[in-house]
Number of protein chains: 2
Amino acid sequence: MSEPTGLRARKKERTREAIADAAVSLFLEHGFDRVSVNEIAAAAEISKPTLFRYFPTKEDLVLHRFADHQGEAARVVRGRESGIEPVAALRRHFQAALDRYDPVTGLNDHPQVVAFHRLVFSTPSLAGRLTRYQLEDEEALADALGEGIQAHVQAAQVLAIQRVLARANWQKIADGRTASDVHPEAVADADEAFSELQ
Amino acid sequence: MSEPTGLRARKKERTREAIADAAVSLFLEHGFDRVSVNEIAAAAEISKPTLFRYFPTKEDLVLHRFADHQGEAARVVRGRESGIEPVAALRRHFQAALDRYDPVTGLNDHPQVVAFHRLVFSTPSLAGRLTRYQLEDEEALADALGEGIQAHVQAAQVLAIQRVLARANWQKIADGRTASDVHPEAVADADEAFSELQ
DNA sequence: GTTACTCGGTTAAAAAAGCAACCTGGTAAT
DNA sequence: ATTACCAGGTTGCTTTTTTAACCGAGTAAC
């Protein structure tokens, strides 16, 4: 009643993990631009074409964790219970993410997560590609919200809010505060930001 | 100046090791006949056809360690330094194996090795197949020794001696003695047995 | 201004692995 | 006696991976 987890699928999943882990740890150690895909492939013990079969570009080796959330906003809207407003569903979803300290909210003080965020935001090509992902996310959300310019505006606003909130949280964490310390403010900020939207 | 160890070769070697290790440890735990090749394949996380691509039969999962020594006697003869008699070369080779407690000499008290030997010798189908390997070894050695019935006789005698010596050593180990304790006797036995041959 | 690297990324062919289905022989239920 | 299952192996067929070669862009040497 769950995933049809054959031998092949299991190994693919593990290979993917191994590649991404090798890449991220090398990036964290030496910096994104000072690690070549050849070195990553060697560390993960796979060939270069295999690497690019799993990840379309070097950037995606880092961003796949965001890519896994791709279209999530659209899914939340489409999968909401009847009688619930789209924006309300997105708001509840974000609050839940805050409560479990989901890294996408920026509210997570695990050293690995913090280092990972710093890697992304301090590497231009990564930050650039990330915004491109977010644009695609925005379009998908707009589709889910309906038609017309109105849907696009609403989608842009919601995602903008999430970006700002995440950035604010991550900034406070980067300043040395703990996630649980920041949590109340994060919730208050989210409340304030979202309530202006409905 | 060594093996040109590409990615492919390395992974094949590791897969082979993983299969054999999984098989032997399952055999030691439950007995050769109470473990199916399906269980081995599952434990090694490979498919059944893959298992049989690496090992021709179930028995070879156990005997590949002997198979790795296949033709060794013939190689020793062919690779001997000039001026050295074939039998002398074989004798020195066996003595050296005794001195490093090579499992093939029976003179090894590591629990895993002992358990492995008991597994082989107490499982009829394994013991049977092992003697078939030894026959092939004997033919190869005979070829290396020259032509005629004389070469065959000599080959048979040398390998018979090695079998008897190994069996004697392993018996003493199985009786609870340590390898280093048995070592002097093993050397003396080997000396006596080989010297009657020259 | 060539030459010759190295980088990210691609291509084509060949090897290897997975999967499902099969074969043969034994053994247990019905 | 039939049925049915499980054992050790095998047979295509498809998917995945390796390999080596290549591309186009940048860059350092000379």
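Just so we're on the same page: letters track the sequence lines, and every chain starts at 1. The shown structure was predicted, so the numbers you read here are calculated from the model rather than taken from an experiment.
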Selection from [options] that lies nearest to any side-chain heavy atom of [X]:
| X | options | value |
| --- | --- | --- |
| A:Lys58 | C:dG9, C:dA16, C:dA20 | C:dG9 |
| A:Ser36 | C:dG9, C:dC19, C:dG8 | C:dG8 |
| A:Arg8 | C:dT11, C:dG8, C:dC19 | C:dC19 |

**Item:** Verdict with reasoning, B:Trp170 to B:Asn108, per side-chain contact (heavy atoms from CB on, under 4.5 Å)
**Value:** CA-CA 8 Å; B:Trp170 133 257; B:Asn108 188 307; over 6 Å; no
**Request:** Return no unless some side-chain N or O of B:Thr50 is found under 4.0 Å from OP1 or OP2 of C:dA17.
**Result:**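 It does not, given that no N or O in the side chain of B:Thr50 lies less than 4.0 Å from OP1 or OP2 of C:dA17.
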**Prompt:** According to a strict under-4.0 Å criterion, is A:Lys11 in side-chain N/O contact with OP1 or OP2 of C:dG18?
**Reply:** yes
I'd like to know if the side chain of [X] reaches the main chain of [Y], judged simply by a donor and an acceptor atom lying under 3.5 Å from each other, with no hydrogens or angles considered.
| X | Y | result |
| --- | --- | --- |
| B:His30 | B:Phe27 | no |
| A:Arg80 | A:Val77 | yes |
| B:Arg177 | B:Gln171 | no |

**Side-chain donor/acceptor of A:Arg10 to base of C:dG18, under 3.5 Å** =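 Donor-acceptor pair under 3.5 Å: no.
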**Request:** Let me know, please, whether B:Leu51 or A:Thr57 comes out on the 5' side of the other along DNA chain C by nearest nucleotide.
**Result:**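 Nearer the 5' end of the strand: A:Thr57.
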Quickly work out the [X] [atom1] to [N] [atom2] distance and round it to whole Å.
| X | N | atom1 | atom2 | value |
| --- | --- | --- | --- | --- |
| B:Arg53 | C:dG18 | CZ | C1' | 8 Å |
| B:Asn38 | C:dG18 | CG | P | 13 Å |
| B:Phe52 | C:dA17 | CZ | P | 15 Å |
| B:Lys48 | C:dA21 | NZ | C1' | 10 Å |
| B:Lys12 | C:dG18 | NZ | P | 13 Å |
| A:Arg129 | C:dG8 | CZ | C1' | 12 Å |
| A:Asp33 | C:dT6 | CG | C1' | 14 Å |

**Where chain B begins and ends its contact with DNA chain D, read 5' to 3' at 4.0 Å from heavy atoms** = D:dA7 to D:dT19
**Asked** Would A:Lys172 and A:Asp189 pass as an ion pair if we require N to O under 4.0 Å?
**Response**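 Salt bridge: yes.
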**Asked** Counting any heavy atom closer than 4.0 Å, what does A:Tyr54 reach on the DNA or RNA strands: base, sugar-phosphate only, or nothing?
**Response**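 Sugar-phosphate, backbone atoms only, no base.
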**Item:** DNA chain D: 5'-proximal contact among B:Val35 and A:Ile46 (nearest heavy atom)
**Value:**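 Counting from the 5' end, the first nearest nucleotide belongs to B:Val35.
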**First encountered from the 5' end of DNA chain D, between A:Glu45 and B:Glu59** = B:Glu59
**Request:** Is it possible for you to check whether A:Lys58 lies under 6.0 Å from the centre of the six-membered ring of A:Phe32, through NZ or CZ, and within 45° of that ring's axis?
**Result:** yes
Could you list the donor-acceptor pairs under 3.5 angstrom formed by side chains in residues 13-20 of chain A, with sequence neighbours left out?
residue : atom : partner : partner atom : Å
A:Arg14 : NH1  : B:Glu45 : OE1          : 3.0
A:Arg14 : NH2  : B:Glu45 : OE1          : 3.0
A:Arg14 : NH2  : B:Glu45 : OE2          : 3.0
A:Thr15 : OG1  : A:Lys11 : O            : 2.9
A:Arg16 : NH1  : A:Tyr54 : O            : 3.1

